[in-house]
Asks: 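Handing you this structure, nothing more for now.
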Amino acid sequence: MKYIVAIIQSDKLDNVLDKLEDNGIHLVTVTNAVGRGRQKGEAEVYRGHKEIGTLLKKVKIEIGVNDDFVKPAVDAIIEASKTGEIGDGKIFVMALEECHRIRTGETGNEAIG
Amino acid sequence: MKYIVAIIQSDKLDNVLDKLEDNGIHLVTVTNAVGRGRQKGEAEVYRGHKEIGTLLKKVKIEIGVNDDFVKPAVDAIIEASKTGEIGDGKIFVMALEECHRIRTGETGNEAIG
Amino acid sequence: MKYIVAIIQSDKLDNVLDKLEDNGIHLVTVTNAVGRGRQKGEAEVYRGHKEIGTLLKKVKIEIGVNDDFVKPAVDAIIEASKTGEIGDGKIFVMALEECHRIRTGETGNEAIG
Amino acid sequence: MNTRIFLLFGILFLSLLLPGTALAADQSEGIDTGDTAWMLVASAFVLLMTPGLAFFYGGLVRRKNILSVLMQCFMCMCLMTILWVLVGYSLAFGDDMLGGLMGNFKYVGLKGVGYEARGTIPHVLFMMFQGMFAIITPALILGAFAERMKFGAFCLFMALWLLLVYCPVCHWVWGGAKGFFGLGGKGALDFAGGTVVHINAGVAALAAAFVLGKRQGYPDKISPPHNLPFAALGAALLWFGWFGFNAGSALASNASAANAFVGTHVATATAGLTWAIIDRIFTGKATMLGMITGAVAGLVAITPACGYVTPMGAIGVGFGASVCAYFAIAVIKKRIGYDDSLDVFGVHGVAGMWGAVAAGLWATSVVPGNDTNGLFYGNPSQVGIQVQAVIYTTIYSFVISFVLLKIIDVIVGVRTDENSERMGLDLTDHAENAYTILE
Amino acid sequence: MNTRIFLLFGILFLSLLLPGTALAADQSEGIDTGDTAWMLVASAFVLLMTPGLAFFYGGLVRRKNILSVLMQCFMCMCLMTILWVLVGYSLAFGDDMLGGLMGNFKYVGLKGVGYEARGTIPHVLFMMFQGMFAIITPALILGAFAERMKFGAFCLFMALWLLLVYCPVCHWVWGGAKGFFGLGGKGALDFAGGTVVHINAGVAALAAAFVLGKRQGYPDKISPPHNLPFAALGAALLWFGWFGFNAGSALASNASAANAFVGTHVATATAGLTWAIIDRIFTGKATMLGMITGAVAGLVAITPACGYVTPMGAIGVGFGASVCAYFAIAVIKKRIGYDDSLDVFGVHGVAGMWGAVAAGLWATSVVPGNDTNGLFYGNPSQVGIQVQAVIYTTIYSFVISFVLLKIIDVIVGVRTDENSERMGLDLTDHAENAYTILE
Amino acid sequence: MNTRIFLLFGILFLSLLLPGTALAADQSEGIDTGDTAWMLVASAFVLLMTPGLAFFYGGLVRRKNILSVLMQCFMCMCLMTILWVLVGYSLAFGDDMLGGLMGNFKYVGLKGVGYEARGTIPHVLFMMFQGMFAIITPALILGAFAERMKFGAFCLFMALWLLLVYCPVCHWVWGGAKGFFGLGGKGALDFAGGTVVHINAGVAALAAAFVLGKRQGYPDKISPPHNLPFAALGAALLWFGWFGFNAGSALASNASAANAFVGTHVATATAGLTWAIIDRIFTGKATMLGMITGAVAGLVAITPACGYVTPMGAIGVGFGASVCAYFAIAVIKKRIGYDDSLDVFGVHGVAGMWGAVAAGLWATSVVPGNDTNGLFYGNPSQVGIQVQAVIYTTIYSFVISFVLLKIIDVIVGVRTDENSERMGLDLTDHAENAYTILE
Ligand SMILES: Nc1ncnc2c1ncn2[C@@H]1O[C@H](COP(=O)(O)OP(=O)(O)O)[C@@H](O)[C@H]1O
Ligand SMILES: Nc1ncnc2c1ncn2[C@@H]1O[C@H](COP(=O)(O)OP(=O)(O)O)[C@@H](O)[C@H]1O
Ligand SMILES: Nc1ncnc2c1ncn2[C@@H]1O[C@H](COP(=O)(O)OP(=O)(O)O)[C@@H](O)[C@H]1O
């Protein structure tokens with residue numbers, strides 16, 4: 001099992017959720033995040049004082065999947081959230097040792113999907 | 001050492017925190033999250049336009065623990081947050097390689113607890 | 001590759017971001033969090049009713065790095081966020097198996113930096 | 001419940017199509033433009049108090065229930081208005097019926113409520129000004145059962161409470177009731193609604209807290225106010241609108257109104273400051289919520305007194321208001337252990353009682369438009385009259401409110417189910433979320 | 001665009017330095033202090049409606065666009081004011097020009113608008129009261145193209161719309177236009193702006209929705225209102241301010257104003273309740289947004305009628321308002337499929353049309369200051385006159401608004417680029433964020 | 001500090017129990033209902049400005065300090081009111097004392113402030129209207145030291161500042177001071193408080209910024225405004241309330257009030273637009289914060305002038321206001337490098353000075369109730385008189401404010417400790433959080 005963490009452009013979330021669904025991945029958790037990257041922020045101006053924000057709004061998606069769903073998940077995310085412009089974000093994949101479904105107490109591969 | 005990530009019903013947070021405490025786990029970090037799962041959202045209606053939200057409010061708990069605290073932690077979470085209805089959430093456990101306490105610079109097992 | 005998760009005092013974020021930059025780590029993702037720890041909360045009073053909040057405001061930083069950047073990252077965080085008082089937080093390091101840059105489709109070590 | 005409202009509504013709408021029920025034409029003689037200008041404005045000010053209250057209350061509940069509070073307030077603005085023009089005004093200001101318990105039906109559908117002068121303003125404007133009181137008074141109660149009452153039951157309770165509790169008490173005090181119930185006739189001082197509005201609502205709130213029971217997790221697992229700036233906004237609108245409420249109760253733009261205005265402001269300021277000091281003494285820090293709570297308690301307490309006491313007397317009224325309300329909330333409530341979610345009884349009931357009594361202490365005939373002196377000006381008997389009015393109102397309001405709620409509980413159930421309470425009323429009762437999380 | 005405003009501004013500023021253009025001195029004879037007090041207040045109330053609208057609209061858009069909505073409203077408060085005093089007032093209230101299409105230039109730069117009585121209030125105050133209407137009317141439109149119009153194009157459109165649509169229609173109805181355009185002269189009833197304000201803006205909004213096209217992701221991927229409490233706050237301020245709008249339109253503090261005040265309140269309450277009931281019937285739950293939307297529709301509908309119908313008639317007006325607006329929004333809009341972001345056409349256009357017609361149904365000479373009866377009082381022909389006024393206004397507003405937008409589109413482009421729309425107008429058009437995320 | 005307030009309070013409360021200190025009865029002869037209606041409303045409007053300011057300021061600070069700003073504003077509403085009725089009114093409007101530096105004690109405890117007409121309104125109402133000014137003026141200052149001043153020191157400073165700075169300057173200009181300090185007597189024009197309120201507060205703010213020093217992390221690590229919609233709400237309430245402030249300063253409901261009303265609105269609109277244009281020129285985009293800041297600067301600048309200039313003159317006043325304030329904030333402040341957190345000096349001090357001078361430029365006897373012409377109407381000497389008034393006020397306010405703060409700093413310390421500043425004043429000074437994070 002793997003644990004996928006993806007940081008994406010926040011307005012691409014709907015696209016990504018749809019595409020994941022298409023690729024058979026329904027279960028996801030989403031949080032707000034801000035990120036510093038290569039992307040330059042838009043200038044903000046407060047009473048004539050210009051600032052370039054370095055932390056830009058992103059959205060973080062987390063998905064626990066069985067091994068054979070890693071590729072479909074990664075592909076779906078890339079496909080649905082790529083704009084080609086700097087700031088599109090990253091996908092990280094980690095090993096997942098255990099998974100429990102709270103409602104049923106199921107564990108492992110059964111619990112994850 | 002392990003890193004536990006649990007997604008639970010948001011109103012069960014108090015329960016879970018208490019139960020974790022009972023099982024000897026005091027240190028936790030909590031964030032807001034929304035999740036898509038099997039659970040059907042309540043219908044929302046805006047000027048006669050009905051929508052079923054797919055992203056439902058959840059709470060994410062993260063805990064770094066020594067290996068022998070994994071089971072007590074998982075048990076506590078399941079016990080305290082289970083309602084038996086769809087939407088109760090998941091617990092994920094990953095391997096944790098290092099842990100540092102910022103204040104003291106301690107590392108590893110000493111740092112975690 | 002490693003995935004670093006750090007929970008720090010929220011007002012130390014600017015410091016940490018600067019110091020990470022100094023140590024060559026530019027890319028980070030940040031989220032709001034609250035944490036329960038040894039730190040005692042300030043008393044809050046609502047109409048004469050005193051409460052000691054147990055969940056205190058923190059900030060969570062996540063960084064995917066190549067192995068040789070783990071130490072610089074950890075050092076930077078500790079140096080920049082240490083106040084010496086209880087509540088300074090923790091740094092967790094996990095193994096990272098894959099990394100994809102969404103924009104380019106690059107993977108692994110090239111994608112991460 | 002739904003069908004009930006429905007029926008009511010249907011009948012009412014049909015009645016409109018009969019133009020014969022309209023008002024008679026009449027003269028604008030005796031109408032003073034200055035007084036009318038002030039009363040137009042005062043009416044608008046009082047209306048604004050209900051949204052003010054909505055934010056004052058809404059900021060204090062949890063994120064998942066704010067819309068239910070706003071909705072209940074707006075529902076009062078709508079439902080009470082219609083009931084008032086159709087029948088409430090008549091029950092409150094009609095001629096005695098049932099031995100003076102309430103007014104009769106002479107003004108039903110605003111029959112006979114025309115454009116002629118009542119005092120120096122058009123009668124229809126007097127009716128509307130009073131109607132604004134009939135909106136905010138029931139709305140005050142909802143703080144007691146916030147976060148757990150079914151919306152349908154809420155509507156039903158509010159409608160019945162208006163007709164069976166508010167209108168009668170209003171009739172006793174301001175509606176010219178004679179005989180046993182004629183508190184006004186007996187000389188009870190209530191310039192702008194200490195008994196009619198605040199004690200009445202505060203006591204009903206206590207009854208509601210008993211009938212509804214505690215929220216899940218009360219008192220230890222209820223998270224703190226989700227948006228205190230909203231509560232501050234609400235308090236500011238209340239303070240502002242209250243000038244219309246109190247100084248408007250002079251029904252004219254004269255020295256009496258000016259005195260009521262000044263007294264209102266001074267008492268409120270004193271009460272806000274007093275609470276801040278009490279907070280500082282007992283818990284070490286002056287809190288924003290405490291200060292605005294104190295200010296509202298001051299507004300409540302000065303309400304019955306503002307037409308009778310001098311600005312200096314108002315300082316005394318305001319000071320006592322915060323002391324009494326603080327004590328009620330921080331000490332008594334804890335000891336008795338009921339869950340009056342937003343302290344309606346403490347702030348409105350207790351400070352209202354203090355205010356009614358205080359009117360009997362500081363009243364002085366120096367104030368224009370008033371001939372009654374209070375204890376400090378040599379007339380101790382006034383205190384007795386005030387206490388009597390408080391007791392009558394308290395008993396009547398508590399008993400009828402309690403019984404009403406029990407009956408409604410049997411018929412439709414007053415309390416939302418456990419799951420809805422957990423998820424929050426916004427989503428389960430109104431199918432909405434107050435704030436988005438991501439976008 | 002920038003340079004254009006610039007030029008305008010430069011010229012205007014220079015003209016100030018010539019003191020010769022000032023107003024003539026004059027007497028305060030014939031001025032009533034009570035009426036003036038009321039009109040001062042009413043003008044302030046109407047001004048407050050625009051920020052009210054800003055929050056009503058701003059709460060409904062997405063988090064990334066709220067500032068753009070607030071900014072557009074504030075821009076109307078600034079830009080329209082200046083245009084109004086410089087030339088708009090003259091176009092609306094000057095003597096007939098172009099065969100009565102609009103007023104002439106006699107009042108340009110407020111020449112001749114002095115301190116003498118117009119009715120019983122200073123002329124300059126009358127000008128200002130009317131000026132507040134000239135702010136809110138264009139502002140209403142912006143709900144239709146919220147979240148996607150370029151700010152520069154917005155300013156240009158608003159300025160031209162004021163001069164070429166608002167001022168003419170205002171002139172026809174209230175400015176004493178004679179001949180073909182003289183809707184007022186023909187006997188069309190519009191007490192406070194059903195045609196001039198609401199139909200006018202609502203129809204322009206529809207035109208704008210067509211020209212601008214749909215937002216990315218509409219209708220399925222638009223996230224829900226980001227802050228409904230703000231929308232409620234806005235609705236409350238609108239309700240409050242509308243008393244100035246409607247009762248102020250009596251231009252005096254008299255029985256007519258009182259009647260307009262009461263009618264406004266009653267119709268609004270009825271409409272709010274009606275929407276709640278419709279919601280409950282069709283979707284199972286009464287929503288807060290529905291109730292405040294209904295209330296606003298009620299305010300819109302009673303606007304033309306409030307000086308002519310009794311409070312009981314107002315119940316009918318309010319009821320119909322919600323029924324019509326609900327139907328327009330939940331049924332018609334879906335079927336036609338345009339993206340009127342915040343339902344300006346449904347709430348202002350449709351409810352405004354209903355209100356204009358309803359004035360022709362329930363008008364009665366019982367109401368002080370009115371001699372015209374409507375259908376229910378034996379004068380069926382009034383309905384025809386009302387319908388005619390609706391049609392003229394609708395056609396004129398739609399055509400000119402549509403053409404204006406198309407021309408502006410060609411010159412500077414009305415729609416923001418795709419990327420800006422994705423990132424939100426707050427950041428891309430105004431270089432700001434409404435809320436911080438971390439601190 | 002605590003104990004001090006305490007003592008004060010104790011004494012004051014005791015004094016209430018002596019009914020002998022009450023007001024004398026008197027006639028309501030000479031009172032005009034229209035004027036009184038307007039002044040009742042105007043007083044309420046001015047009160048509302050302080051919560052408006054609270055939100056204007058509160059939206060601009062960081063999330064962790066908003067309650068401290070709201071609390072400080074509410075504290076001004078409470079504390080200043082009590083000081084005003086007890087002694088402040090007397091110091092400002094009593095007969096000359098100390099050679100005209102301030103008023104004497106004749107009105108202490110409102111002795112002799114009764115219900116008789118002062119002008120055409122009850123004296124007690126005049127006192128209250130002026131009291132509202134005494135609330136907002138100190139409150140303006142707090143923007144300068146927001147996010148870092150100890151609450152106890154704040155209360156002490158505000159109380160002393162009211163009595164030692166506000167009351168004297170008010171006495172010079174409006175209180176009938178004679179001799180050296182008699183700015184009013186010397187013919188300085190200040191209709192509604194350019195010197196008394198805005199320059200006074202703005203300059204005190206500058207002094208405070210110097211004494212308090214910079215916030216940790218200023219200027220680079222201060223995160224942007226946490227809630228700009230709140231700032232917009234505050235600006236809207238300020239604009240609205242300012243009609244009471246300026247047009248209310250006519251103390252009657254007449255052509256002078258109407259002119260002040262119109263001038264206020266026009267100057268504000270012009271200033272808002274001007275700032276937007278400046279923003280666009282210098283930074284490429286018109287910002288919402290810029291526009292509302294400009295509007296407030298316009299309100300400030302027109303304050304002294306509104307009773308003397310025509311609506312066209314007001315355009316000039318408004319235009320200059322934004323130009324001066326922008327320059328002060330975006331250029332001067334950066335260069336000098338003080339940390340006036342919310343630009344009180346730039347917006348109130350600088351625009352106030354401009355306004356005072358501008359009154360001397362555009363004043364014209366065409367305006368009812370004014371006989372003085374300004375430079376553009378052939379009386380260049382008026383500019384000199386205005387400049388003199390500005391200089392006197394500036395020096396006095398700066399010196400006394402600076403010294404006061406230094407003394408308080410020695411006694412109790414003005415600045416919060418480093419750790420509290422990091423955690424935010426809401427939690428450390430008031431034991432509250434503005435918003436919950438999870439629920
Ligand atoms: N190594 C990393 N660790 C954590 N977050 C990262 C990392 N790299 C990128 N991110 C996140 O991805 C976002 C986009 O990165 P950026 O460099 O701007 O664009 P791109 O990935 O297209 O080159 C950042 O704002 C940050 O939130
Ligand atoms: N594989 C997963 N990866 C990430 N989050 C998940 C996963 N499975 C469940 N979740 C989270 O758990 C929540 C509850 O899941 P759901 O399927 O609705 O209920 P249940 O777990 O009781 O079957 C989801 O809303 C989501 O946030
Ligand atoms: N084992 C852990 N798992 C998750 N979060 C932790 C853990 N230990 C500490 N934290 C986070 O770090 C914060 C600070 O911890 P605390 O014990 O108060 O101080 P310190 O680390 O200085 O001893 C906590 O509020 C919590 O958010």
Side-chain angles (χ1 to χ4, degrees), chain D residues 2 5-6 9 12-13 15-17 19 21-25 28 31-38 40-41 43-44 47-48 51 54-55 58 66-67 70-71 74-75 77-79 81-82 85 109-110 115 121-122 124-125 127-128 131 151 227 230 233 429-436 438-439, chain E residues 32-35 37-38 41 45 62-64 223-229 232-233 236 239-240 243-244 247 252-255 257-259 261-262 265-266 268-270 272-274 276-277 280 283-289 291-292 295 310-313 315-316 319 362 364-366 368 376-377:
Chain D
N2 200 1
I5 285 189
F6 233 161
F9 206 75
L12 162 181
F13 183 60
S15 78
L16 303 169
L17 302 174
T21 60
L23 317 170
S28 66
I31 287 177
D32 180 279
T33 58
D35 292 342
T36 302
W38 169 235
L40 286 166
V41 178
S43 303
L47 175 79
L48 192 62
F55 280 87
I66 177 173
L67 293 182
L70 298 181
M71 179 71 176
F74 273 93
M75 184 45 104
M77 291 164 72
C78 294
L79 188 55
T81 300
I82 295 169
V85 298
L110 298 187
Y115 308 104
I121 61 171
V124 77
L125 179 55
M127 180 283 300
M128 192 75 274
F151 186 63
N227 196 324
F230 275 168
L233 174 65
D429 249 6
H430 306 294
E432 292 166 307
N433 279 311
Y435 314 98
T436 53
L438 297 176
E439 229 180 335
Chain E
D32 181 278
T33 58
D35 292 342
W38 169 234
V41 178
F45 276 35
R62 286 165 290 178
R63 207 167 274 271
K64 62 189 175 190
S223 66
H226 90 282
N227 196 323
L228 277 176
L233 174 66
W239 192 330
F240 176 73
F243 289 125
S253 165
N254 56 18
N259 184 67
F261 189 107
V262 176
H265 185 64
V266 170
T268 306
T270 312
L273 182 60
T274 304
I277 293 172
R280 176 101 183 220
T283 64
K285 280 166 190 166
T287 65
M288 213 278 310
L289 177 59
M291 179 159 244
I292 61 176
T310 65
M312 289 297 110
I315 296 185
F319 177 80
W362 276 283
T364 162
S365 58
V366 165
F376 295 159
Y377 294 81

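Just so you know, these numbers come straight off a predicted model, no measurement behind them. We name chains A, B, ... by the order of the sequence lines, and we start the count at 1 in each one.
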Asks: Heavy-atom cut-off 4.5 Å, strictly under: side chain, backbone, both or neither for E/D32 against chain D?
Replies: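 The side chain, not the backbone.
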Asks: With a 4.5 angstrom heavy-atom cut-off, which part of E/A276 approaches chain D: side chain, backbone, both or neither?
Replies: side chain
Asks: Looking only at non-hydrogen atoms, find the nearest pair between E/A286 and D/H430 and report the distance.
Replies: O-ND1, 2.8 Å
Asks: Ignoring hydrogens, what is the shortest heavy-atom contact between D/T436 and E/P224? Give both atom names and the distance.
Replies: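 The pair with the smallest heavy-atom distance is CG2-O, 3.4 Å.
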Asks: Need one label for D/N227: side chain, backbone, both or neither, based on atoms under 4.5 Å from any heavy atom in chain E.
Replies: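 Contact with chain E involves no heavy atom of D/N227 at all.
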Asks: Evaluate the side chain to side chain contact (heavy atoms under 4.5 Å, CB included) criterion for residues E/W239 and D/M77: first the C-alpha distance (whole Å), next the side-chain angles of each, then the deciding distance (0.1 Å), finally the verdict.
Replies: CA-CA 11 Å; E/W239 192 330; D/M77 291 164 72; 3.4 Å; yes
Asks: What closest approach, in Å, do E/H265 and D/M128 show between heavy atoms, and which atom pair accounts for it?
Replies: CD2-CE, 3.3 Å
Asks: Rounded to the nearest 0.5 Å, how far apart are CG of D/N433 and OG of E/S223?
Replies: 11.5 Å
Asks: Pick one of side chain, backbone, both or neither for E/L233, based on which atoms fall under 4.5 Å of a heavy atom in chain D.
Replies: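 E/L233 touches chain D through backbone and side-chain heavy atoms alike.
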Asks: What part of D/L47 is in contact with chain E, defined as an atom under 4.5 angstrom from a non-hydrogen atom: side chain, backbone, both or neither?
Replies: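 Side chain of D/L47 only, per the 4.5 Å heavy-atom cut-off to chain E.
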Asks: Please identify, among E/P229, E/A236, E/G244, the residue contributing the most non-hydrogen atom pairs under 4.5 Å to chain D.
Replies: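 Most heavy-atom pairs within the cutoff with chain D belong to E/P229.
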Asks: Would you mind reporting whether E/K285 and D/D429 have side-chain heavy atoms less than 4.5 Å apart?
Replies: no
Asks: Measure distances from D/F55 to the heavy atoms of chain E and classify the residue's part below 4.5 Å as side chain, backbone, both or neither.
Replies: side chain
Asks: Side chain, backbone, both or neither: which part of E/A252 has a non-hydrogen atom closer than 4.5 Å to chain D?
Replies: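 Interface part for E/A252: neither.
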Asks: Which one of D/I66, D/L67, D/L125 has the most heavy-atom pairs closer than 4.5 Å to chain E?
Replies: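 Highest number of heavy-atom pairs under 4.5 Å: D/L67.
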Asks: Please say which of D/T33, D/T36, D/V41 ends up in a side chain to side chain contact (heavy atoms under 4.5 Å, CB included) with E/W38.
Replies: D/V41
Asks: Rounded to the nearest 0.5 Å, how far does OH of D/Y435 lie from CZ of E/R63?
Replies: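 Atom-to-atom, E/R63:CZ and D/Y435:OH are 10.0 Å apart.
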Asks: Please give me the minimum heavy-atom distance between E/F243 and D/A44, naming the atom from each residue.
Replies: CD1-CB, 3.7 Å
Asks: Could you pull out the closest heavy-atom pair between E/V262 and D/V124, with the gap in Å?
Replies: CG2-O, 3.6 Å
Asks: Supply the atom-to-atom distance E/N259 CG to D/Y115 OH, rounded to the nearest 0.5 angstrom.
Replies: 3.5 Å
Asks: Quick one: does D/L110's side chain get under 4.5 Å of E/P311's, heavy atoms only?
Replies: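 Result yes, sub-4.5 Å side-chain heavy-atom pair found.
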Asks: Ignoring hydrogens, what is the shortest heavy-atom contact between D/P122 and E/A258? Give both atom names and the distance.
Replies: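 Smallest interatomic distance, heavy atoms only, reads CG-CB, 3.9 Å.
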Asks: Could you look at D/L40 and say if it's the side chain, the backbone, both or neither that has a heavy atom under 4.5 Å from chain E?
Replies: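 It is both, since atoms from each part get that close.
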Asks: Can you name the one residue among E/V266, E/T268, E/T270 that meets side chain to side chain contact (heavy atoms under 4.5 Å, CB included) with D/T81?
Replies: E/V266
Asks: Specify which of D/G58, D/S43, D/G131 makes the most heavy-atom pairs with chain E at under 4.5 Å.
Replies: D/S43
Asks: If you tally heavy-atom pairs under 4.5 Å against chain D, which of E/A232, E/A37, E/G284, E/P225 wins?
Replies: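 If we count pairs closer than 4.5 Å to chain D, E/A232 comes out on top.
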